[in-house]
Each structure stands twice: as C-alpha cells, then as structure tokens.
Amino acid sequence: MSGFHHVKLPVADLGRSRDWYTAVLGLRVEIEFVEDGELHGLALADASGRLRLALRLDPVRAAALAGLDPVAIEVPRREDVDAWRGRLDDLGQPHGGIVTGHQGGLRPGRAARPGRHRDPALRRMAPKD
C-alpha cells in the first residue's frame with residue numbers, strides 16, 4: 001500500500017462544502033456525481049492530484065460526525081503551518097491554532113510508545129525549523 005486514493009466525507013450541504021474546500025483549501029472539482037438528475041457527490045483534488053477528497057451529500061451521517069475531526073492536513077515545514085494559519089485568519093475561518101504534541105511531529109525513524117505522552121520522540125505537529 002502506498003497511501004489512500006481519497007477520503008470520502010458526508011456533508012449536509014454540498015454547495016456550501018464545495019465553496020469552502022475550493023476557496024479555503026484551494027481544491028478543484030474533478031468529478032460531479034449526479035444521481036436521478038441531482039448532484040449527490042463531488043471528487044476534489046489539489047493542483048498536484050496527490051490530495052484527493054470526496055464529498056457525499058448525506059446530512060444524517062454528516063450530523064453524526066459533528067465535533068469529530070476525521071481528517072488532519074499535513075504540511076512539510078513549520079513556516080507552511082504559519083502560512084496556513086495566516087491564510088485562515090485572512091479568510092475569517094475559525095481554527096484551533098497550532099496544536100503541539102501529536103504524532104504528526106514524530107522525528108523520522110522514531111515511533112511513539114503507547115501511553116507515553118512525554119516521549120522525547122514527540123514534538124509539535126508543525127515541523128520545527
């Protein structure tokens with residue numbers, strides 16, 4: 001396995017979700033899924049085509065995911081994290097700030113040990129300079 005082809009998320013409002021993912025994350029629509037003459041899903045991708053996301057109109061399942069963060073976005077360098085924070089601020093998008101201490105910040109070659117939150121292998125999710 002070399003990765004995920006895409007992640008599919010249920011959404012309550014497909015038009016609003018399309019607008020957010022294209023305007024805020026810069027994704028583009030690759031495919032529109034029309035069923036019985038109505039739009040029910042979208043396939044989105046970044047400019048490189050390596051990051052793919054599918055959205056499916058499903059208000060019930062979308063409501064069930066309320067408060068859950070099913071996807072975390074990775075950026076290569078600390079300055080990229082700062083740039084994204086600035087972009088979100090400029091767009092007036094609420095966010096939780098820069099989170100530290102997650103596995104996303106593991107140094108290469110080290111694995112976190114379960115139950116060890118102070119493991120020296122853990123550092124901020126945003127890569128250090």
Side-chain angles (χ1 to χ4, degrees):
M1 182 168 63
S2 63
F4 292 103
H5 181 269
H6 68 275
V7 171
K8 185 184 291 185
L9 299 174
V11 298
D13 183 327
L14 202 52
R16 186 170 154 225
S17 296
R18 175 204 315 243
D19 292 346
W20 192 89
Y21 283 101
T22 57
V24 175
L25 296 186
L27 301 181
R28 69 182 191 290
V29 175
E30 288 189 320
I31 304 170
E32 293 183 337
F33 297 97
V34 177
E35 299 170 14
D36 299 322
E38 293 186 31
L39 184 63
H40 282 270
L42 298 168
L44 303 151
D46 69 349
S48 73
R50 293 192 65 215
L51 187 148
R52 289 190 173 97
L53 180 68
L55 304 176
R56 176 75 180 170
L57 182 61
D58 190 337
V60 173
R61 286 191 174 112
L65 286 177
L68 180 68
D69 301 323
V71 177
I73 296 170
E74 177 183 47
V75 296
R77 300 179 321 261
R78 171 59 192 231
E79 53 267 14
D80 297 321
V81 174
D82 293 330
W84 271 104
R85 179 179 52 192
R87 176 176 170 75
L88 294 173
D89 289 342
D90 291 346
L91 292 171
Q93 292 295 315
H95 58 83
I98 296 174
V99 179
T100 60
H102 288 274
Q103 188 174 356
L106 284 175
R107 292 186 297 234
R110 297 280 310 263
R113 289 170 274 164
R116 297 283 312 265
H117 299 292
R118 295 184 183 195
D119 189 303
L122 291 176
R123 58 180 196 189
R124 69 183 78 204
M125 186 167 106
K128 290 185 178 181
D129 293 327

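Along the sequence shown, the residues carry numbers beginning at 1.
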Q. Quick check: does any side chain N or O of Arg28 sit under 3.5 Å from a backbone N or O of Thr22, one acting as donor and the other as acceptor?
A. no
Q. For Leu51, does its backbone N or O pair with a side-chain atom of Asp46 as donor and acceptor, under 3.5 Å?
A. yes
Where is the tightest heavy-atom contact between [X] and [Y], given as atom of each residue plus distance?
X     : Y     : result
Leu39 : Arg18 : CD2-NH2, 3.2 Å
Gly26 : Arg87 : N-NH2, 4.4 Å
Trp84 : Val75 : CD1-CG1, 3.7 Å
His40 : Glu38 : CD2-O, 3.0 Å
Ala12 : Ala62 : N-CB, 3.7 Å

Starting at [atom1] of [X], measure out to [atom2] of [Y] and round the result to the nearest 0.5 Å.
X     : Y     : atom1 : atom2 : answer
Arg52 : Glu30 : CZ    : CD    : 5.5 Å
Leu55 : Glu32 : CG    : CD    : 11.5 Å
Leu65 : Leu9  : CG    : CG    : 7.5 Å
Gln93 : Trp20 : CD    : CH2   : 6.0 Å

Identify whether [X] and [Y] are in the same connected component of the hydrophobic contact network (ILVMFWY, side-chain heavy atoms under 4.5 Å).
X     : Y     : result
Val7  : Leu14 : yes
Val81 : Leu91 : yes
Leu25 : Val71 : yes
Ile31 : Leu27 : no
Val34 : Val29 : yes

Q: Answer whether the closest heavy-atom distance between the side chains of Val11 and Asp13 falls below 4.5 Å.
A: no
Q: Show your working on side chain to side chain contact (heavy atoms under 4.5 Å, CB included) between Asp89 and His95 and close with a plain yes or no.
A: CA-CA 8 Å; Asp89 289 342; His95 58 83; 2.7 Å; yes
Q. Using 4.0 Å as the upper bound for N to carboxylate O, is an ion pair formed by Asp82 and Arg78?
A. yes
